[in-house]
Each structure stands twice: as structure tokens, then as C-alpha cells.
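Order of the sequence lines fixes the chain letters, A, B, ..., with proteins taken first and strands second; residue numbering starts at 1 for each chain. None of the values given here were measured: they were computed from a predicted structure.
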Amino acid sequence: MPEAHSLHRHARDQRAALAGQVLSVSSPQGRFDATPFDGHRLVDVQAHGKHLLYSFEQAPDVHVHLGMKGIFLRTEDLSLPPRAGTRMRLAGETTAFSLIAPSRCEALDAAARAELLASLGPDPLREGAAAREEAARRLGTARGAVGAAVLDQSVWAGIGNAWRAELLFLAGIDPGRRVDEAEAGRVWDLAVELLPLGVDAGQVVSDPTAPDERWVYKRETCRRCGSPVGTRTVGGRTAYTCPVDQR
DNA sequence: CCCTCATGATTAC
DNA sequence: TAATCCTGAGGGG
């Protein structure tokens, strides 16, 4: 489930399990050069939108992006051999994480790190309410459909297709139209409220009283009014909308 | 067993 | 807009 809440949760888990420790870093698959990091101390793991950045002592950063297919497997049994397709394995004193099928896993020097961060818009899980004005300006002035703009990581960092569907539903906004800055600010407020719940729950939470439910995402009918949920492509992804509750 | 699709993003056309 | 990456889940046969 690689939207922002998942990446922030991975960062939190891995920081708790590994930060401050000297790690054994390897690439059983062989497609990642682990030698600059093996035997180095992990200083921190941070999520920026959907990107993970690992900082090490005396080494560059590691940049991981899960794409749509990437997963982490966790084990407390350090003697367990990692599966052959593991791109990167991070092993600490008691815990190891195996990274499978990421879209990116690479060393990042300081300049590349700065370039990556500069390319990202505000992240509701990092800047939160403090970035409301900037977030509203970016989304409210974006050209084209709001449903495409909100997935653009240079506008807001971290929103994916599931959050798009649920946040725009809750805001009563059809993804195919534009929004002004006032509406954009209200969508940001919803993101700032709900994404942290998603970090804790490990899934998209769009109704705190029913964390396993969705309003429209991948549903046949609207959970609020029962209307048939419409699907169409917006911004290159399937958008799920209620024709009654979103205008 | 085979096929399709997916919570993503880049690249090429 | 389409192909690509090339895993995993789910459905049909």
C-alpha cells in the first residue's frame, strides 16, 4: 500500500528498529551496490511523501521508492536466509528488513538529495497544518483537473490514488474540475487530519469511526448515499466518484 | 495455469 | 497517451 501513510509507517518502524546501530547491508539480488553502507551506522530514516531516505555515518544516503509493487519484509530471525530477489537487506542487532521489487533503490549524494526534496510539494504528514497556505496555493493554482494535480508529487507529496478518491469525496469535489485556493485548503485540512490515522492503522482511513471502510474507492456504490460509484480515468489513474456527493 | 490489474512514476513516442 | 518496470493478488478455465 505504497502511499504516504505506508512510507511514514515504514520509516517509523525501521527507525525504531535500526537507527543508531551498525548495519549489515547487502543485496542478495545483486542489483544494489551495498558496499558503501555495509558496516556503517544508520543515523536516521525519514519519509518525504512516498520517498524513503536513509542517512548513514560516513556514507551517502540511500533513496528508496517502492513504486506500486515494492514491499518490505521484516524478520527477527537474523539467521533466516533472505529470498533471492531481495534488492536490499538491512540487518541490525535484532531485526532485519528485506526490500523487494522497489522502483528505486540507490545511493544519493547531498546534491541529489537536495534536488529530490526540492522537487516535492508539501507533505501533509511532515508539514501538516503549518503548510496550509502553501499547499492551498499550489493546488489552487495548478492547471488542469484537481484529480490530476493532487497526484502530482510536486504539488503535494504523498497522495496516491486511494487517498485521492477518499479525500475528494469527503470534500465533495469532482476530480475532473478545478478548485480555488479555499477549496484546496479544505482538502489539505482533511489530509492533515486523516493521513496520521492511516499511519497508525497501516491503511487508508477516511472514516475514523469505521477504519476498514471506504466511501468510494474500489466500491460499487457510494457508502453515504448508495449511488453507483463512477469510474473514469483522471490524471492517468482510475478515479472513483459518487455522482451525487461530488460536484 | 494463465491472464489481468494494481495504493507509482519515468521515459519514449 | 502508451510502454515499461517485472511482484502479487485475484479471477477464470
Contact list for residues 114-137 of chain A, test ring-ring contact (aromatic ring centres under 6.0 Å, His included), sequence neighbours left out: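 Checked against ring-ring contact (aromatic ring centres under 6.0 Å, His included) - neighbours excluded - no pair reaches residues 114-137 of chain A.
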Euclidean distance for P, dA2(C) against dC5(B) (whole angstrom):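 The same atom, P, in both gives a distance of 14 Å.
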Atom P, compared across dT4(B) and dA3(C): separation rounded to whole Å: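 Between the two P atoms, the distance is 13 Å.
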Test ring pair (Phe, Tyr, Trp, His ring centres under 6.0 Å) applied to Y54(A) - qualifying residues, sequence neighbours left out: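 Listed in chain order: nothing, the list is empty.
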Please tabulate, one pair per line, all N/O donor-acceptor pairs under 3.5 Å involving side-chain atoms of residues 62-75 of chain A, not counting sequence neighbours.
{"from": "H63(A)", "atom 1": "ND1", "to": "E106(A)", "atom 2": "OE2", "distance (Å)": "2.8"}
{"from": "H63(A)", "atom 1": "NE2", "to": "H51(A)", "atom 2": "ND1", "distance (Å)": "2.8"}
{"from": "H65(A)", "atom 1": "ND1", "to": "G67(A)", "atom 2": "N", "distance (Å)": "2.9"}
{"from": "H65(A)", "atom 1": "ND1", "to": "S103(A)", "atom 2": "OG", "distance (Å)": "3.4"}
{"from": "R74(A)", "atom 1": "NE", "to": "E76(A)", "atom 2": "OE2", "distance (Å)": "2.8"}
{"from": "T75(A)", "atom 1": "OG1", "to": "D77(A)", "atom 2": "N", "distance (Å)": "3.0"}

List for me each residue that meets salt bridge (charged side-chain N to carboxylate O under 4.0 Å, His left out) alongside [X], sequence neighbours excluded, and say none if there are none.
X	answer
R113(A)	D61(A)
D200(A)	R12(A)
D189(A)	R132(A)
R137(A)	E134(A)

Reading 5' to 3' through nucleotides 8-13 of chain B, protein heavy-atom contacts under 4.0 Å coded B for base, S for sugar-phosphate only, - for none: BS----
Within residues 216-223 of chain A: residues closer than 4.0 Å to DNA chain B (heavy atoms):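 Hits under 4.0 Å, by residue number: Y217(A), K218(A).
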Residues forming a side chain to side chain contact (heavy atoms under 4.5 Å, CB included) with T241(A), sequence neighbours excluded: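 Only D174(A), P175(A), R232(A), Q246(A) meet the side chain to side chain contact (heavy atoms under 4.5 Å, CB included) criterion with T241(A).
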Sugar-phosphate only, base, or nothing, as touched by R214(A) at under 4.0 Å among non-hydrogen atoms: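 The residue R214(A) makes no contact with any strand.
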Sugar-phosphate only, base, or nothing, as touched by R31(A) at under 4.0 Å among non-hydrogen atoms: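 Since only primed, P, OP1 and OP2 atoms lie under 4.0 Å of R31(A), the category is sugar-phosphate.
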Span of DNA chain C in contact with chain A (heavy atoms, under 4.0 Å):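 Contact boundaries, 5' end first: dC5(C) to dG8(C).
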Side chains of E3(A) and N161(A), donor plus acceptor under 3.5 Å: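 E3(A) vs N161(A): no donor-acceptor pair found between side chains.
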Listed once per pair and sorted, the side chain to side chain donor-acceptor pair (under 3.5 Å) pairs that draw on residues 29-44 of chain A, sequence neighbours left out: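 Listed by first then second residue: Q29(A)-R87(A), D33(A)-T35(A), D44(A)-Q46(A).
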